[in-house]
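For reference, the structure discussed in these notes is given below.
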Amino acid sequence: MAAPHVNHTLVVRARHDEVRRELLRMAEIGVGGYKLIGETPDGLALRKRSIPGWAIALAVLFPIPGILFLLARREDIVTVSLGHVPEGTRVAYAGRASTRLQQALQGMLGQWQIAGAPAPRWAAAAL
């Protein structure tokens, strides 16, 4: 199954370099099979390569000519861009991101408060 197209932007209350460092750490781990293919000071790109299911099925059904079907590849590419904003850092990611990668990005970004969102109850109780 192909990964869904996403285009998501949010602002977190964190410094640009902190967010970039965490994104690079996540990219090095290779969440969901995505690998780092390039980086700039303001973002990075991730890629996941796979063989489509139909190609594997045809290779099994037709062994000799089916080997050619295994040359078919699918690439899912996601770009993540960072920007400085008064409230913190704007993070935008777009491309074909698997559910697992989306969850990892949201989890990583969730360690900082989202700009415009109310403070968590535990933070409000400490004040």
Side-chain angles (χ1 to χ4, degrees):
M1 184 171 138
H5 285 281
V6 296
N7 187 358
H8 192 75
T9 302
L10 57 114
V11 176
V12 294
R13 295 185 189 275
R15 292 191 342 240
H16 183 274
D17 57 330
E18 289 177 41
V19 177
R20 185 173 185 279
R21 185 174 35 253
E22 287 297 318
L23 282 169
L24 288 172
R25 184 175 299 138
M26 186 189 74
E28 289 173 0
I29 294 171
V31 173
Y34 286 82
K35 302 291 181 196
L36 181 68
I37 58 171
E39 64 177 290
T40 67
D42 292 327
L44 52 95
L46 305 168
R47 175 178 59 200
K48 177 182 176 182
R49 287 185 174 170
S50 59
I51 299 174
W54 62 264
I56 295 170
L58 289 174
V60 170
L61 292 173
F62 307 104
I64 302 298
I67 292 174
L68 294 176
F69 292 117
L70 295 177
L71 296 175
R73 297 274 188 248
R74 180 177 59 223
E75 285 191 346
D76 296 337
I77 297 177
V78 177
T79 57
V80 181
S81 63
L82 304 173
H84 296 282
V85 293
E87 298 87 17
T89 303
R90 179 189 45 79
V91 181
Y93 56 93
R96 294 181 74 86
S98 68
T99 303
R100 189 167 174 197
L101 179 62
Q102 291 179 53
Q103 289 172 344
L105 283 167
Q106 291 295 331
M108 189 271 303
L109 295 171
Q111 67 183 321
W112 298 294
Q113 183 180 357
I114 307 299
R121 289 186 200 149
W122 58 265
L127 296 177

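The shown structure was predicted, so the numbers you read here are calculated from the model rather than taken from an experiment. Heavy atoms only: backbone and side chains are in, while hydrogens, waters and symmetry mates are out.
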Presence of salt bridge, Arg21 and Glu18, under 4.0 angstrom:
no

A side-chain contact here means heavy atoms from C-beta on lying under 4.5 Å apart; do Leu36 and Glu28 qualify?
no

Is it the case that one hydrophobic cluster holds both Leu68 and Ile51, taking links as side-chain heavy atoms less than 4.5 Å apart, direct or via other members?
no

Minimum side-chain heavy-atom gap Arg90-Val19 below 4.5 Å:
no

Non-hydrogen side-chain atoms of Leu82 and Leu44 separated by less than 4.5 Å
no

Between Lys35 and Arg47, is any pair of side-chain heavy atoms under 4.5 Å apart?
no

Cluster overlap Tyr93 with Ile77, hydrophobic side-chain contacts below 4.5 Å
no

State plainly whether one hydrophobic cluster holds both Ile37 and Val6, where clusters connect Ile, Leu, Val, Met, Phe, Trp and Tyr through side-chain heavy atoms under 4.5 angstrom apart.
no

Supply the atom-to-atom distance Tyr34 OH to Leu105 CG, rounded to the nearest 0.5 angstrom.
9.5 Å

Taking the basic N atoms (NZ, or NE/NH1/NH2) and the acidic carboxylate oxygens, is any pair closer than 4.0 Å for Asp76 and Arg96?
yes

Quick check on the hydrophobic clustering: are Ile67 and Ile56 connected, directly or via other members, by side-chain heavy-atom contacts under 4.5 Å?
no

Exam field: side chain Gln106 to backbone Gln103, donor-acceptor pair closer than 3.5 Å
no

Return the minimal non-hydrogen interatomic distance between Thr9 and Ala92, and the atom names on each side.
OG1-CB, 3.5 Å

Where is the tightest heavy-atom contact between Ala55 and Ala72, given as atom of each residue plus distance?
CB-CB, 4.3 Å

Treating Arg73 as the side-chain partner and Leu70 as the backbone partner, does any N or O pair qualify as donor plus acceptor under 3.5 Å?
yes

Quick one, His8 and Gln102 - any side-chain contact, counting heavy atoms below 4.5 Å?
no

Asp42 meets the salt bridge (Lys or Arg N to Asp or Glu O under 4.0 Å) criterion, sequence neighbours left out, with none

Test of understanding: clusters of I, L, V, M, F, W, Y form through side-chain heavy atoms closer than 4.5 Å, transitively. Do Leu24 and Leu46 belong to the same one?
yes

Is there side-chain contact between Thr89 and Trp112, with heavy atoms separated by less than 4.5 Å?
no

Set of residues satisfying ring-ring contact (aromatic ring centres under 6.0 Å, His included) with respect to Phe69, sequence neighbours excluded
none

For a quick test of reading the model, state the closest non-hydrogen atom pair linking Leu101 to Val31 and the distance between them.
CA-CG1, 4.2 Å

Considering residues, nucleotides and ligands other than Ile64, do more than 12 of their heavy atoms fall under 6.0 Å from its CD1?
no

As an exercise, state the distance from NE2 of His84 to CZ of Arg15, rounded to the nearest 0.5 Å.
11.0 Å

